[in-house]
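Please read all numbers here as calculations on a predicted model, not as lab measurements. By convention here, the first residue in the shown sequence is residue 1. Read the numbers this way: they start at 1 and go in the same order the structure lists the ligands and their atoms.
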Amino acid sequence: MKEQRSIHEEMFLEMEEKTIFNQAQEYAYEYLEQAFTRHVFPTEKAIENLAYFDEEMPESPTTTRDVLEALHTYGSPATVSQIGGRYFGFVCGGIVPAGLAAKWLADCWDQNPAMHVLSPISSSLEAVVEKWLRQLFHLPEQTVAGFVSGTSLATFCGLAAARYRVFKRLGWDVNEQGMCGAPRIRIVVSKQAHSTVMKAIGLLGFGKAHLEWVDADAQGRIRLELIPELDESTILVLQAGNVNSGAFDAFDEICEKANAANAWVHIDGAFGLWAGAVEQLNHLTKGIEKAHSWSVDGHKTLNTPYDCGIILCEDREALVSALHMTGSYIILSEAERDGMLFTPEMSRRARIVELWATMKSLGKQGIDELVYGLHERAVQFAHELQANGFEVLNEVVFNQVLVSCGTDELTTNILKCVQEMRECWCGGSTWDNKKVIRISVCSWATTPEDVSRSVKSFVKARHEIQGTISATSHNAHT
Ligand SMILES: *Cc1c(COP(=O)(O)O)cnc(C)c1O
């Protein structure tokens, strides 16, 4: 009789034989082949089938073959096909092939970029990409970067650095003395600030009640004439890319004012900061280099895999002090980069590998083409929708389009119908007290044909809804 292998022996064998990796690869290829053509949102059946996963913690092991098969059978169909060309929900982003492939390789490396001594390769790539980002966005020479999970955390880091520096100016060391009895810091934010800014402010111990809110204009830009007098106790949060309209604040003028007052400016540029890397669009980000910290995502506009966010800060001491940690076993390098100095985490994934690979493979030209392409598709979307009688409520300065179908009821119903048809996927929002369909063109894979096909889906949805409405009103009379 064959002797039963222990789990430990089984795992060595799996690493050696690689059958399971080949199997995963086959499933992945099958997935990729369909991802660009299949329905964008999973069917109701696929979502129902997720019940398969609902079980108590299993007592005995399952073979990796069966684990992978379960993922492919029940998992793959229940994914949102975000990597294809017709997903326009939230502000998401597809995936550049080089980034995906590099991530596969780096998954085998399983590196921890906390310290140089833990992963020289990650440390080197982080240093190089830090330099590239500084150049692409034209930021000050002394700007440093921390590689985190997304803009939520990047904004948290930027505001933590701001908190450290502003307190320091007021004669208070927040690391030593904490928040109790601290001098007052003023925080000035636009009413159109992203909710993750509010989350960061909350986590940093500033109450919402103390914020100084500033109204935004019709496009969602902070109204500079309403920004209160700034001083050295102030943190001002600006925005490159309003999450609904895609609008950009007037950085140049506002940062001048802030710098004259010695206030700290943080820019939330989750998806919009990339406009600064593109010749034809960088009028939108004019003056960003005069701010003090910037948060931006790789996983949105640049189309790296999730999770990839970056905090950029021109005040190295403030960022490092805000995120500092020590321990007797920590080995910091003198000449090389220790990534954890610039992030809240100690251990983390070496997401830098796919960020580097994406930037290296695209080059400046490729980034230009990718980012400007998103803008062009958004403009096309707006034009074709308008030509078909839909109303576009925002100036399409970047990649966001806000669409109204007339009444709130029609907009809501047509959106629901578009979502159910699964030809494309968009979310909804509220803009200027109106319900809107919110389109975010964020994937390199979106072609002009994808846009036209999606517009057709809007037209068809309107036809169905209006057909239903006249049918019901007809029924009501009979
Ligand atoms: C998406 C987004 C965020 C949050 O970024 P995550 O990467 O999801 O954490 C913050 N601000 C704006 C403007 C965004 O679009």
TODO: Give the numbers and elements of all ligand 1 atoms closer than 4.0 Å to a heavy atom of V243.
DONE: 15 (O)
- [ ] Of the side chain and backbone of S152, name the one, both, or neither that has a heavy atom under 4.0 Å from an atom of ligand 1.
- [x] both
Task: Polar side chain donor-acceptor pair, N244 to S429, under 3.5 angstrom - done: yes
Open item on the list: Just checking F36: does its CZ atom have more than 12 heavy atoms from other residues, nucleotides or ligands closer to it than 6.0 angstrom?
Closed with: yes
Task: Between Y87 and F41, ring centroids under 6.0 Å - done: no
TODO: State the atoms of ligand 1, each with its element, that fall below the 4.0 Å cut-off from a heavy-atom position in H299.
DONE: 7 (O)
Open item on the list: Is any side-chain heavy atom of C442 closer than 4.5 Å to one of F88?
Closed with: no
TODO: Side-chain contact test, heavy atoms from C-beta onward, threshold under 4.5 Å: evaluate it for D307 versus R349 and give yes or no.
DONE: yes
Open item on the list: At under 4.0 Å between heavy atoms, is it the side chain or the backbone of T151 that contacts ligand 1, or both, or neither?
Closed with: both
Open item on the list: Is the shortest side-chain heavy-atom distance between R348 and S149 below 4.5 Å?
Closed with: no
Task: Numbering as shown, the atoms of ligand 1 that approach G150 to under 4.0 Å (heavy-atom distance) - done: 7 (O), 9 (O)
Open item on the list: Geometry only, no angles: is Q239 polar-contacting ligand 1 at N/O separations under 3.5 Å?
Closed with: no
Task: contact_flag G241 ligand 1 heavy-atom lt 4.0 Å - done: yes
Task: Which of the ligand 1 atoms, numbered from 1, are nearer than 4.0 Å to a heavy atom of F271 - done: 15 (O)
Open item on the list: Q82: which residues meet the side chain to side chain donor-acceptor pair (under 3.5 Å) condition with it, sequence neighbours left out?
Closed with: Y306
TODO: Could you tell me which atoms of ligand 1, counted from 1 in the order shown, lie closer than 4.0 angstrom to a heavy atom of D297?
DONE: 5 (O), 6 (P), 7 (O)
Task: Residue pairs, two or more places apart or on separate chains, that pass side chain to side chain donor-acceptor pair (under 3.5 Å) and touch residues 391-410 - done: Q400-S440
TODO: Would you mind checking which non-hydrogen protein atom is closest to atom 13 (C) of ligand 1, with the distance to 0.1 Å?
DONE: D268 OD2, 3.5 Å
Task: Distance filter under 4.0 Å to K300 heavy atoms, resulting ligand 1 atoms - done: 1 (C), 2 (C), 3 (C), 4 (C), 5 (O), 14 (C), 15 (O)
Open item on the list: Only heavy atoms of T196, strictly under 4.0 Å: list the atoms of ligand 1 that pass.
Closed with: 3 (C), 4 (C), 10 (C), 11 (N)
